[in-house]
Amino acid sequence: MSILEFVQWLEQTGVGVLVRESLWVFPILVSIHILGLTVSVGTLVWFDLRLLGVGIRHCSVSRLYRRLMPWILASFFVMIVSGGMLFTGFATLAYENVYFRIKVAALVVAAINMLIYHLVTGRRIAPWDETRVLPLPARMAGLVSIIAWTVVILTGRMMAYTMYGIDS
């Protein structure tokens, strides 16, 4: 089965039909997705800015991480589920959309950056609480995260304008 055949099948599932044909499901899912995005990326950017040394310097990196991570994870879950459901309703249009492809690439970059941070860079977080300037890998993780999520958000908006016939 090709990717195109898979996305065509996905659209015909019960969830796909419901998202596409219900009067209320699509706008409710979009609202939930945007709220999840706002909380998840918004709180993640706080942490990324701390890694860059730009903000929240009064709070140690490890303490800020412990405080924000539950919010980030819970809202990412909401964002992923709602986004997946939205994709299911319009999988073929998304598959054919250049902005969707760029968004997926940026999500992959964000995921790889997150994995490297959690498996390698972030394992050395304790000494960072005592230093004013964080190590280059930590700062790069913050920068890559901000850039990747900016691309995800911008391409997501462009998808709305090009896939659903919404005029700007």
Side-chain angles (χ1 to χ4, degrees), residues 1-52 54-55 65 67-122 140-168:
M1 176 182 284
S2 71
I3 295 174
L4 181 58
E5 291 170 332
F6 174 74
V7 295
Q8 289 169 340
W9 169 83
L10 197 58
E11 279 186 345
Q12 300 311 312
T13 63
V15 173
V17 172
L18 180 67
V19 169
R20 202 171 42 260
E21 294 183 4
S22 170
L23 179 64
W24 294 104
V25 172
F26 179 78
I28 289 170
L29 279 175
V30 168
S31 299
I32 291 169
H33 188 65
I34 291 172
L35 287 171
L37 176 77
T38 302
V39 175
S40 62
V41 176
T43 52
L44 180 61
V45 167
W46 288 352
F47 184 71
D48 291 337
L49 290 173
R50 177 63 181 93
L51 290 178
L52 288 170
V54 175
Y65 178 85
R67 285 184 168 182
L68 294 179
M69 197 47 59
W71 290 96
I72 292 169
L73 291 176
S75 54
F76 264 108
F77 177 77
V78 169
M79 186 178 59
I80 289 168
V81 170
S82 59
M85 291 177 72
L86 288 168
F87 174 74
T88 301
F90 299 92
T92 303
L93 284 173
Y95 174 75
E96 296 170 348
N97 188 285
V98 67
Y99 295 110
F100 176 75
R101 292 175 183 227
I102 296 169
K103 180 179 180 173
V104 169
L107 285 167
V108 169
V109 169
I112 291 169
N113 184 55
M114 182 261 319
L115 283 172
I116 292 170
Y117 176 81
H118 285 286
L119 297 176
V120 180
T121 310
M140 289 305 298
L143 181 63
V144 169
S145 175
I146 290 172
I147 292 170
W149 284 107
T150 299
V151 171
V152 168
I153 292 167
L154 293 175
T155 54
R157 287 309 312 144
M158 291 308 297
M159 285 171 55
Y161 295 128
T162 58
M163 282 177 51
Y164 308 116
I166 299 170
D167 295 324
S168 54

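Worth saying up front: this structure is predicted, and the values here are computed from it rather than measured.
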Residue pair [X] / [Y], side-chain heavy-atom distance below 4.5 Å:
X: Trp149; Y: Val45; answer: no
X: Asp48; Y: Leu143; answer: no
X: Arg20; Y: Phe26; answer: no
X: Val78; Y: Ile32; answer: yes

### Task
Let me see the working for Tyr117 and Leu51 under side chain to side chain contact (heavy atoms under 4.5 Å, CB included), right down to the final yes or no.
CA-CA 11 Å; Tyr117 176 81; Leu51 290 178; 4.1 Å; yes
To the nearest 0.5 Å, tell me how far [X] [atom1] sits from [Y] [atom2].
X: His33; Y: Leu86; atom1: NE2; atom2: CG; answer: 6.5 Å
X: Ile72; Y: Trp46; atom1: CD1; atom2: CH2; answer: 9.5 Å
X: Met159; Y: Phe87; atom1: CE; atom2: CZ; answer: 8.5 Å
X: Ile146; Y: Leu52; atom1: CD1; atom2: CG; answer: 5.0 Å
X: Leu10; Y: Ile3; atom1: CG; atom2: CD1; answer: 12.5 Å
X: Leu93; Y: Asn97; atom1: CG; atom2: CG; answer: 8.0 Å

### Query
Any idea which heavy atoms bring Val25 and Val19 closest together, and the distance?
CG1-CA, 3.9 Å
### Query
If you look at every heavy atom in Met1 and Phe6, which pair is closest and at what distance?
SD-CA, 3.6 Å
Quick check: does any side chain N or O of [X] sit under 3.5 Å from a backbone N or O of [Y], one acting as donor and the other as acceptor?
X: Glu11; Y: Ala91; value: yes
X: Ser75; Y: Ser40; value: yes
X: Gln12; Y: Trp9; value: no

#### Entry: Aromatic plane relationship, Tyr65 with His118 - under 30° parallel, 30 to 60° tilted, over 60° perpendicular
tilted
In a table with atom names and distances, give each donor-acceptor pair under 3.5 Å that connects a side chain of residues 98-114 to protein atoms at least two apart or in another chain.
unit_1, atom_1, unit_2, atom_2, d
Arg101, NE, Tyr95, O, 2.9
Arg101, NH2, Tyr95, O, 2.9
Asn113, ND2, Ala141, O, 3.0

### Query
Without hydrogens or angle criteria, can the side chains of Gln8 and Thr92 be said to hold a donor-acceptor pair below 3.5 Å?
no
### Query
Val151 and side chain to side chain contact (heavy atoms under 4.5 Å, CB included): which partner among Thr155, Ile153, Leu154?
Thr155
